[in-house]
4 protein chains.
Amino acid sequence: MATVARKTDGNGIPVPQRLLAAATRLFAEQGYGSTSVQEIVEAAGVTKGALYHYFGSKEDLLQEVYARVLRLQQERLDAFADADEPVERRLRAAAADVVVTTIDNLDDAAIFFRSMHHLSPEKNKQVRAERRRYHERFRALVEEGQRSGVFTSATPADLVVDYHFGSVHHLSTWYRPDGPLTPQQVADHLADLLLRALRP
Amino acid sequence: MATVARKTDGNGIPVPQRLLAAATRLFAEQGYGSTSVQEIVEAAGVTKGALYHYFGSKEDLLQEVYARVLRLQQERLDAFADADEPVERRLRAAAADVVVTTIDNLDDAAIFFRSMHHLSPEKNKQVRAERRRYHERFRALVEEGQRSGVFTSATPADLVVDYHFGSVHHLSTWYRPDGPLTPQQVADHLADLLLRALRP
Amino acid sequence: MATVARKTDGNGIPVPQRLLAAATRLFAEQGYGSTSVQEIVEAAGVTKGALYHYFGSKEDLLQEVYARVLRLQQERLDAFADADEPVERRLRAAAADVVVTTIDNLDDAAIFFRSMHHLSPEKNKQVRAERRRYHERFRALVEEGQRSGVFTSATPADLVVDYHFGSVHHLSTWYRPDGPLTPQQVADHLADLLLRALRP
Amino acid sequence: MATVARKTDGNGIPVPQRLLAAATRLFAEQGYGSTSVQEIVEAAGVTKGALYHYFGSKEDLLQEVYARVLRLQQERLDAFADADEPVERRLRAAAADVVVTTIDNLDDAAIFFRSMHHLSPEKNKQVRAERRRYHERFRALVEEGQRSGVFTSATPADLVVDYHFGSVHHLSTWYRPDGPLTPQQVADHLADLLLRALRP
DNA sequence: TATGAATGAGACTTCATTCAT
DNA sequence: TATGAATGAAGTCTCATTCAT
């Protein structure tokens, strides 16, 4: 019991998760390169040795942030894409959901597009591969609608997907929780823009 | 004369511009934080003392990169927006031009959204202000069309602008010069998407 | 019973000896300072706690390596020196035997002269004392031959001993098991050189 | 002039050489692994930055120590071996000289055989290659005497060389400047032992 | 007898910047 | 206008050892 208390420092959350949470917040606020290991362990309430007990390097910590968010988003997309609905409703739902999820995890999103170049080529490749899978699942939805005629084929599906995700990534640059729009409202608007752009 | 030859290293380009060009390329390739002053001066063919003769700090170099690209893009947008054409043609031209210009300077774009947090609060504020001016000029075009009824008002103009610029920033992530589409083709497609999304 | 099986990891060798064997090999290969406790316990198939249960410190492990080899060599020298033979045959046998024994335990020899400075002054002193005893027993043989006239007295006996042992220590630098000479052949040659150098 | 004073800290010796001298002494006293960069720069009276201005790494410092002593000894050996004298006098002179030189630079010798395993494989290979060249020049002398009949051929020349150099390396283990023998006396004795061992 | 999470000190190295020339 | 040696702070990471279980 004493051990458990030490491990979680009285707040019930295990050390690795505390480290991950602290790192995510700091990376988003200051950038990966400007966040020192010292700051992370202080924010997590542990020592450097503990960090290196669980993570091989600072970079490993960054990779874990990526892995977690990628896993989460892929799961959600798969659920929406596999639903039993007309394609235009499935695409709209997926397009809106990724906006809400991204706003709910703005820190992750900010890190994603700012700090990828800090990953080693090997890890970078791995992240890109998972990212690619996500992109392609989304693209398949667009293509399905184009084949069935409910979406215009004027624009290549790839470009449509990058158009939408560009705006999603951009959220971390301008969205403020205390702004006039709720996450859901933003999501609805952006999904509308996408579907309108796809009208035949 | 010997001095002049030294200044331009035989290629006619003055030292400050050589430094700026080298810094731009390296910041884009490796990120601001991972690029050392030593690498920059080596790439530019000068020594550290020369860099600090022309620029007060490494950060000043970054700011210069920002200033240059902001100035360029604002000039182009103003030209398109002030043209004597119907609003939908002016918006389309501006929307397509920013895509071509961004692709022509992908390095600048990559730096822009990755390295802004390395600027001191003061400089950051200044860059954001100029960025805001740019955003607002673009938004004014959208609002003009909405008021005159050629664009739908279903989506707030601010959001429309962020939607488009999100996709522009995203270009540096996926566009490859050796890909299937020319810059102009990409620009046309993205401008089409925007205008279709604005159809009433 | 399960405990006993754990202790020996199914190969019948007790944990302390497994640790000692792993440490010896790693110290010889990488040096004492470059071998981490973690590497040793992994090579021995146990955990850190087990190591610190049997040995007080990493240094203790090193001392044990020294103690074992010193004990072994002293025993062998005593046996040869006390034999009932003419002094020149006893010296030759001892000189050749230390070569063969050293080659058979090249790891120990490599550690010996590379890592002694890692021992604390106290332990270092103890090792030197035992080393000295060994040296003196050998020197006594040389002096005995010098007094009886079968060896030349041109060179002080101390120097003769250091001359021979220098070449013995050096073995770990150049001897390779897959080379042209067997350990016994090397031993015979080196003993010959010593005895020829001692001819009156 | 102020610059020169700074560079040499008032004692006239340039920084790189001061660093090399300090490192040599400390590596010999404490071993490479137990000597911190901080200790070296303090002993040399400079800062860490200065060290890394001149040497790429701590290991580079070690390599420089090796390179210097190897160069010196090779030069001396070549001079003795190429002299216009009978082979037995040339071998004797070379064998005695390496003893005196080694005693004069006992620190270098101590480092040599203790710290070589700290060099990267690449640098280690280079050092071994130069070492090999030295060994072979010496061996050529022995073989010349064997062919002309002034030395016995009972022992392979390679082994004879290793025999002698073993005793040379061993000097750093036992020789003390305040002992009973001068460097020259030790050198004469060890050369005598070698030549007596080579008598036909 | 043995675990392994956690410590905390200290290691090597990098780097933007300064300054005498 | 330009050099480059030197600084000094800060960075990431390693590791022998401890201790509650």
Side-chain angles (χ1 to χ4, degrees), chain A residues 1-7 9 14-16 33-41 45-61, chain B residues 2-4 6-7 14-16 33-41 46-61, chain C residues 2-4 6-7 14-16 33-41 46-61, chain D residues 1-7 9 14-16 33-41 45-61:
Chain A
M1 243 172 281
T3 297
V4 171
R6 187 111 133 277
K7 261 188 204 166
D9 206 19
V15 167
S34 304
T35 301
S36 73
V37 167
Q38 189 60 41
E39 286 176 293
I40 298 170
V41 298
V46 300
T47 61
K48 272 188 234 177
L51 186 154
Y52 283 96
H53 183 70
Y54 290 106
F55 299 92
S57 65
K58 186 184 169 188
E59 194 195 337
D60 278 7
L61 215 41
Chain B
T3 301
V4 171
R6 261 270 269 320
K7 258 191 211 169
V15 167
S34 304
T35 301
S36 72
V37 167
Q38 188 59 41
E39 284 177 293
I40 297 170
V41 298
V46 302
T47 60
K48 279 189 207 175
L51 186 152
Y52 282 93
H53 182 72
Y54 291 107
F55 297 91
S57 65
K58 185 184 170 189
E59 195 195 338
D60 279 6
L61 217 40
Chain C
T3 299
V4 171
R6 265 268 270 321
K7 257 189 210 167
V15 167
S34 303
T35 301
S36 71
V37 168
Q38 189 60 41
E39 284 177 293
I40 298 170
V41 298
V46 301
T47 60
K48 278 190 207 174
L51 186 153
Y52 281 93
H53 182 73
Y54 291 108
F55 298 91
S57 66
K58 185 183 169 190
E59 196 195 337
D60 279 6
L61 216 40
Chain D
M1 240 173 285
T3 297
V4 171
R6 185 113 135 277
K7 262 188 202 166
D9 205 20
V15 167
S34 304
T35 301
S36 72
V37 167
Q38 188 59 41
E39 286 176 293
I40 297 170
V41 298
V46 299
T47 61
K48 276 189 226 176
L51 186 153
Y52 282 95
H53 183 71
Y54 291 107
F55 299 91
S57 65
K58 186 184 169 190
E59 194 195 337
D60 277 8
L61 214 41

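In what follows, every heavy atom counts, from backbone to side chain, and hydrogens, waters and symmetry copies are set aside. These numbers were taken from a predicted model, which means no experiment stands behind them. Each chain gets a letter, A, B and so on, in the order the sequences are listed, and its residues count up from 1.
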Any chance you could measure Asp60(D), atom CG, to Tyr52(D), atom OH, to the nearest 0.5 Å?
9.5 Å
Nearest 0.5 Å, please: how far is NZ in Lys48(C) from CD1 in Ile40(C)?
11.0 Å
First locate atom OG1 of Thr47(A), then atom NE2 of His53(A), and finally report the distance between them rounded to the nearest 0.5 Å.
10.5 Å
Using the side chain to side chain contact (heavy atoms under 4.5 Å, CB included) rule, take Leu61(A) and Val37(A) through it: C-alpha gap first, then chi angles, then the decisive distance, then the call.
CA-CA 10 Å; Leu61(A) 215 41; Val37(A) 167; over 6 Å; no
Any residue meeting side chain to side chain donor-acceptor pair (under 3.5 Å) with Glu59(C), in chain and number order, not counting sequence neighbours
Ser120(C)
Expressed as a whole number of angstroms, how long is the span from Ile40(D):CD1 to dG10(E):C1'?
15 Å
Residue list, side chain to side chain contact (heavy atoms under 4.5 Å, CB included) with Ser36(B), at least two apart or on another chain:
Gln38(B), Glu39(B)
Starting at CG of Leu51(C), measure out to NZ of Lys58(C) and round the result to the nearest 0.5 Å.
10.5 Å
Of Leu51(D) and His53(B), whose closest DNA chain F nucleotide lies nearer the 5' terminus?
His53(B)
Note the angle between the end axes of the helix from dA2(E)-dT21(F) to dT21(E)-dA2(F), five pairs defining each, rounded to 10 degrees.
10°
Rounded to the nearest Å, what distance is computed from the CG atom of residue Leu61(B) to the C1' atom of nucleotide dT17(E)?
14 Å
Produce a footprint string for nucleotides 11-16 of chain E: one letter per nucleotide, 5' end first; B if the base is under 4.0 Å from any protein heavy atom, S if only the sugar-phosphate is, - if neither.
SBBB-S
